[in-house]
Number of protein chains: 2
Amino acid sequence: MTPESMDLIFAALAHATRRRIMDLVKEMPGCSVADVCKYFDTSRIAVMKHLRVLEEAQLIVPRKRGRVRELYLNVVPLQLIHDRWTTEYSTFWATQATDLKFRLESLGQDDSPTTDAATAQRRSASGNDRPGRKRP
Amino acid sequence: MTPESMDLIFAALAHATRRRIMDLVKEMPGCSVADVCKYFDTSRIAVMKHLRVLEEAQLIVPRKRGRVRELYLNVVPLQLIHDRWTTEYSTFWATQATDLKFRLESLGQDDSPTTDAATAQRRSASGNDRPGRKRP
DNA sequence: GTCATAGGTAACCGATACGTTACTTATCGG
DNA sequence: CCGATAAGTAACGTATCGGTTACCTATGAC
């Protein structure tokens, strides 16, 4: 999973219209481009551009059948991202999730230092709070 | 979890520099903006703009301490996204993941219809392959 | 063949993303 | 106080994004 493909996947997901297209294709596997267009007020070309973004991210897979392009959802990119990020943040997951003192709304400039995410991380930090020098 | 906040989170994740910043802050909780800058060749202002994007997505949380802004990672947005998408795609997850015939490289215009994701979805589809009319 | 329909391409436009340089503010250490 | 350092702001240039209209191609129904 290259950083570039990760960029493509996240960028594709970063738009409500594209997420809705994914939901539609998930609910109607093999639907056509015109079918998807029925659900949006924007022009067909705009939908096609969104589809292109989704296809470049491999999130939607087309299958040419006659003159129609049947669209299918492909969850493999989602799985890859899921795997990478859960392993990468598994420790944090547990730390912040099980910390009953954690409150999202207390973040920021709150002066009570025992009831926020920052404190939870300070407690679980391994000591290298400051970088020594530039990592190559 | 509004669509707008989801846009912010995914857009923030859709850039290798910002993902790297998240990794850095995860490894060095409470580090300063200047600390983060040491790891990039770009200007400090560019890093600060990336930090702004991450903060607007609530993925990074600042804590002002004197003249330095201590940075902390906040995994709550990641958890929210994780929860929403795993529940939404759980059926697909199992379908494509356990289908031994599934091959990513066979997608596209392959003529062998029994060895690709599209076929897996056709098998698991609930029949409504085509939309009847516009969903409100 | 004819024609309606599914799909694709080109050119354009305003807004936003991502980077820069220059300048300003504020705090810490002596 | 004073200089060094952390951070923030302003203005700007280029590229990409997200949408449009207009036009073109191809296939299926009849």
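In the text below, chain A, chain B and the rest are named by the order of the sequence lines, each starting its count at 1.
Backbone-only contact: B:Ala34 has heavy atoms under 4.0 Å from sugar-phosphate atoms and none from a base. Heavy atoms of A:Ser43 sit under 4.0 angstrom from at least one base atom.
The separation between B:Arg19 atom CZ and C:dC18 atom P is 12 Å, rounded to whole Å. In this entry the distance linking CD of B:Glu70 with P of D:dA7 reads 10 Å, nearest Å. Atom NZ in B:Lys64 sits about 15 Å away from atom P in C:dT25, given to the nearest Å. Atom pair A:Met48:CE and D:dG19:C1' shows a separation of 13 Å (rounding to whole Å applied). Taking atom CG on B:Asp41 and atom P on C:dG19, their separation rounds to 12 Å, with Å as the unit. Whole-Å rounding puts the B:Asp7 CG to C:dT16 C1' distance at 14 Å. For A:Asp35 and C:dA6, the CG to C1' distance is 10 Å, given to the nearest whole Å. Whole-Å rounding puts the B:Leu13 CG to C:dA17 C1' distance at 16 Å.
Between B:Pro77 and B:Leu59, the shortest heavy-atom contact is CB-CD2, 3.8 Å. Minimum interatomic distance between A:Gln58 and A:Asn74 (heavy atoms only, all atoms of both residues): O-ND2, 3.1 Å. A:Arg18 and A:Leu54 make their closest contact through O-CD1, 3.8 Å (heavy atoms, listed as atom of the first residue, atom of the second, distance). When every heavy atom of B:Asp35 is checked against every heavy atom of B:Lys38, the shortest pair comes out as OD1-NZ, 2.6 Å. Contact between A:Thr2 and A:Ser5 at its shortest, heavy atoms only, is O-OG, 2.8 Å.
For the pair B:Arg52 and A:Thr17, both in contact range of DNA chain D, the more 5′-proximal nearest nucleotide belongs to B:Arg52. In terms of position on DNA chain D, the residue among B:Val33 and B:Lys49 whose nearest nucleotide sits closer to the 5' end is B:Val33.
In this structure, the nucleotide among D:dG19, C:dT20, C:dC18 sitting nearest to the side chain of A:His15 is D:dG19. Candidate nucleotides C:dA6, C:dG8, C:dC18 were compared by shortest atom distance to the side chain of A:Val68, and C:dA6 ranks first. Nearest nucleotide to the A:His50 side chain, out of D:dG8, C:dG8, D:dG19: D:dG19. The listed nucleotides are C:dG19, C:dC18, C:dG7; the one nearest the side chain of B:Arg18 is C:dC18.
In the helix from C:dG1-D:dC30 to C:dG30-D:dC1, the end axes, each obtained as the rotation axis mapping the C1' atoms of four pairs onto the next four within a five-pair block, lie 30° apart to the nearest 10 degrees.
Ring-plane geometry between B:His50 and B:His15 is classed as tilted, the angle between the planes lying from 30 to 60 degrees on a 0 to 90 degree scale.
Seen from the ring of A:Tyr39, A:Arg20 does not count as a face-on cation partner, given the 6.0 Å and 45° thresholds.
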Please produce a list of atom pairs where a protein N or O lies less than 3.5 Å from an N or O of nucleotides 23-30 of chain D.
residue, atom, partner, partner atom, Å
D:dT27, O2, A:Arg67, NH1, 2.7

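A side-chain contact (heavy atoms from CB on, under 4.5 Å) with A:Met22 holds for exactly one of A:Thr17, A:Leu78, A:Val75; it is A:Leu78.
Not one N or O on the side chain of A:Arg65 forms a donor-acceptor pair closer than 3.5 Å with the backbone of A:Gly30.
The salt bridge (charged side-chain N to carboxylate O under 4.0 Å, His left out) pairs that include a residue from residues 43-53 of chain A are A:Arg52-A:Glu56, where partners are two or more places apart or lie in different chains.
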